[in-house]
Amino acid sequence: MTERDAYADLGATTQEAMDIAETSMDIVRTFVPDETLTDRLRQKAVHSTGDIEFQHLIRCQNEPVVAGARAVLDERPIVTDITMAKAGVTGRGHDCPVRKAIGNGADLAAETGMTRTAAAVLELDKEGVYDGAIAVVGNAPTAALALCDCIENGTRPAAVVATPVGFVKAEESRKRVREIADEYDVPAVTNVGKRGGSGLAAALTNELIHVASDVRNGDVDLEDHA
């Protein structure tokens, strides 16, 4: 990877904010390797959680940074499970449409009793929304499980970012994502353990956008990492 002289945080809009982001990432890099694109996801996880040990909880399969950055460059949709994750995705550095699943599939949820997020994922999948998209699940384990069912049935997201948090089905849903990613060669980033959440999912998604920006600027060549 080309060495970056400064960290261009796409969420920072003032000089003070940019200085803070750059200093923070300099500190993170003293604890987390800076050799591969996957390291950038580990760095972002540490940066967003304030937990140095979180770098060891990140799991990547099938080069999600390369696939995700390409999807950003191709202006593919970014689809989150809930509003909070959508709100955390930066609006700068890309022209991807960003939408949330929640709010769709209300009738299906009422008819079947499944969660609103699971029904929302299934409803959007019927419309082909997830094919070629960056699918982001930051909160709802049932959304991750529903997405896995969609992938089993032929849907192919460009990349999956799945960090649902909690004590019920969260770990199981992320394990299921990893199994599906292996079986169907889907690029995915998840974490192990009970932690996670929408903030982490948005931060990891933003790093895909940052990498895409670095590609445009000539600082990263994805062919070197594919």
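Predicted model, so just to flag it, every value in this text is computed and none were measured. Worth knowing before you read on, the calculation uses all heavy atoms, side chains too, and leaves out hydrogens, waters and symmetry mates.
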Problem set entry | Closest contact, heavy atoms only, Ala71 versus Gly132 | CB-O, 4.5 Å
Exercise. Would you say the side chain of Asp125 lies within less than 4.5 Å of the side chain of Asp149, judging by non-hydrogen atoms?
Worked result: no
For residues 189-197, which side-chain donor-acceptor pairs fall under 3.5 Å, sequence neighbours excluded?
{"unit_1": "Thr190", "atom_1": "OG1", "unit_2": "Arg178", "atom_2": "NH1", "d": "2.9"}
{"unit_1": "Asn191", "atom_1": "ND2", "unit_2": "Arg195", "atom_2": "O", "d": "2.8"}
{"unit_1": "Lys194", "atom_1": "NZ", "unit_2": "Glu171", "atom_2": "OE1", "d": "2.8"}
{"unit_1": "Arg195", "atom_1": "NH1", "unit_2": "Asp51", "atom_2": "OD2", "d": "2.4"}
{"unit_1": "Arg195", "atom_1": "NH2", "unit_2": "Asp51", "atom_2": "OD2", "d": "3.4"}

Exercise. Which residues pass the side chain to side chain contact (heavy atoms under 4.5 Å, CB included) test with Pro77, sequence neighbours left out?
Worked result: Val79, Pro97, Ala133
Problem set entry | Members besides Val168 in its Ile/Leu/Val/Met/Phe/Trp/Tyr cluster (side-chain heavy atoms under 4.5 Å) | none
For this session: For Glu53, enumerate each residue passing the salt bridge (Lys or Arg N to Asp or Glu O under 4.0 Å) test, keeping only those at least two apart in sequence or located in another chain.
Result: none
Problem set entry | Steps toward side-chain contact (heavy atoms from CB on, under 4.5 Å) verdict (Val65, Arg70) | CA-CA 8 Å; Val65 185; Arg70 283 176 174 160; over 6 Å; no
Problem set entry | Non-neighbouring partners of Arg76 that pass side chain to side chain donor-acceptor pair (under 3.5 Å), sequence neighbours left out | none
Exercise. Cluster partners of Leu108, using ILVMFWY side-chain heavy atoms under 4.5 angstrom, listed by chain and number?
Worked result: Met114, Leu122
Problem set entry | Side-chain donor or acceptor of His94 paired with backbone N/O of Thr90 under 3.5 Å | yes
Exercise. Looking at side-chain heavy atoms only, is the closest gap between Leu222 and Leu73 below 4.5 Å?
Worked result: yes
For this session: Measure from the side-chain N and O atoms of Ser173 to the backbone N and O of Ala170, and report whether any donor-acceptor pair falls under 3.5 Å.
Result: yes
For this session: Tell me whether Ile102 is reachable from Val89 by hopping between hydrophobic residues (I, L, V, M, F, W, Y) whose side-chain heavy atoms are closer than 4.5 Å.
Result: no
Exercise. Applying the side-chain contact (heavy atoms from CB on, under 4.5 Å) test to Val28, which of Arg42, Lys44, Gln43 qualifies?
Worked result: Gln43
Exercise. In Å and rounded to the nearest 0.5 Å, what is the CG to CD1 distance from Asp74 to Ile134?
Worked result: 10.0 Å
For this session: Tell me, please, which residues at least two apart from Glu152 pass salt bridge (Lys or Arg N to Asp or Glu O under 4.0 Å).
Result: Arg176
For this session: Of all the heavy-atom pairs spanning Gln55 and Pro33, show the shortest one and how long it is.
Result: OE1-CD, 3.7 Å
Seminar exercise, completed: In short, side chain to side chain donor-acceptor pair (under 3.5 Å) pairs touching residues 95-112 with sequence neighbours left out are Thr83-Lys100
Seminar exercise, completed: Sorted by chain and residue number, the side chain to side chain donor-acceptor pair (under 3.5 Å) partners of Glu63 (sequence neighbours excluded) come out as none
Exercise. Which atoms form the tightest heavy-atom contact between Ile82 and Ser198, and what is the distance?
Worked result: CD1-OG, 3.5 Å
For this session: With sequence neighbours excluded, tell me which residues meet side chain to side chain donor-acceptor pair (under 3.5 Å) with Thr115.
Result: Thr117, Thr142
For this session: Give a yes or no on whether Leu145 and Val136 share a hydrophobic cluster (residues Ile, Leu, Val, Met, Phe, Trp, Tyr; joining criterion: side-chain heavy atoms under 4.5 Å apart).
Result: no
Exercise. Would a 4.5 Å heavy-atom cut-off, applied to side chains only, mark Arg216 and Val72 as touching?
Worked result: yes
For this session: Flag the pair Arg156 and Asp185 as a salt bridge only when some basic side-chain nitrogen lies within less than 4.0 angstrom of an acidic carboxylate oxygen.
Result: no
Problem set entry | Leu200 and Thr49, any side-chain heavy atoms less than 4.5 Å apart | yes
Exercise. So, do Thr36 and His225 sit near enough that their side-chain heavy atoms are less than 4.5 Å apart?
Worked result: no
Problem set entry | Side-chain touch Val137/Thr163, heavy atoms, less than 4.5 angstrom | no
Exercise. Side chains of Thr205 and Ile78: closer than 4.5 Å at any heavy-atom pair?
Worked result: yes
For this session: Report yes or no: does Asn62 contribute a side-chain atom to a donor-acceptor pair with the main-chain N or O of Ala67 at less than 3.5 Å?
Result: no
Exercise. Who passes side chain to side chain donor-acceptor pair (under 3.5 Å) against Arg174, sequence neighbours left out?
Worked result: none
For this session: Can you see which heavy atom on Ala146 is nearest to which on Ala118, and at what distance?
Result: CB-O, 3.8 Å
Exercise. What residues, two or more places apart in sequence or in another chain, satisfy side chain to side chain contact (heavy atoms under 4.5 Å, CB included) together with Ala135?
Worked result: Tyr130, Leu147, Pro157, Val160
Problem set entry | Within one Ile-Leu-Val-Met-Phe-Trp-Tyr cluster: Val215 and Leu37, side-chain cutoff 4.5 Å | yes
For this session: Compare all side-chain heavy atoms of Pro164 with those of Asn139 and state whether any distance is below 4.5 angstrom.
Result: no
For this session: Looking only at non-hydrogen atoms, find the nearest pair between Val211 and Val220 and report the distance.
Result: CG1-CG1, 4.5 Å
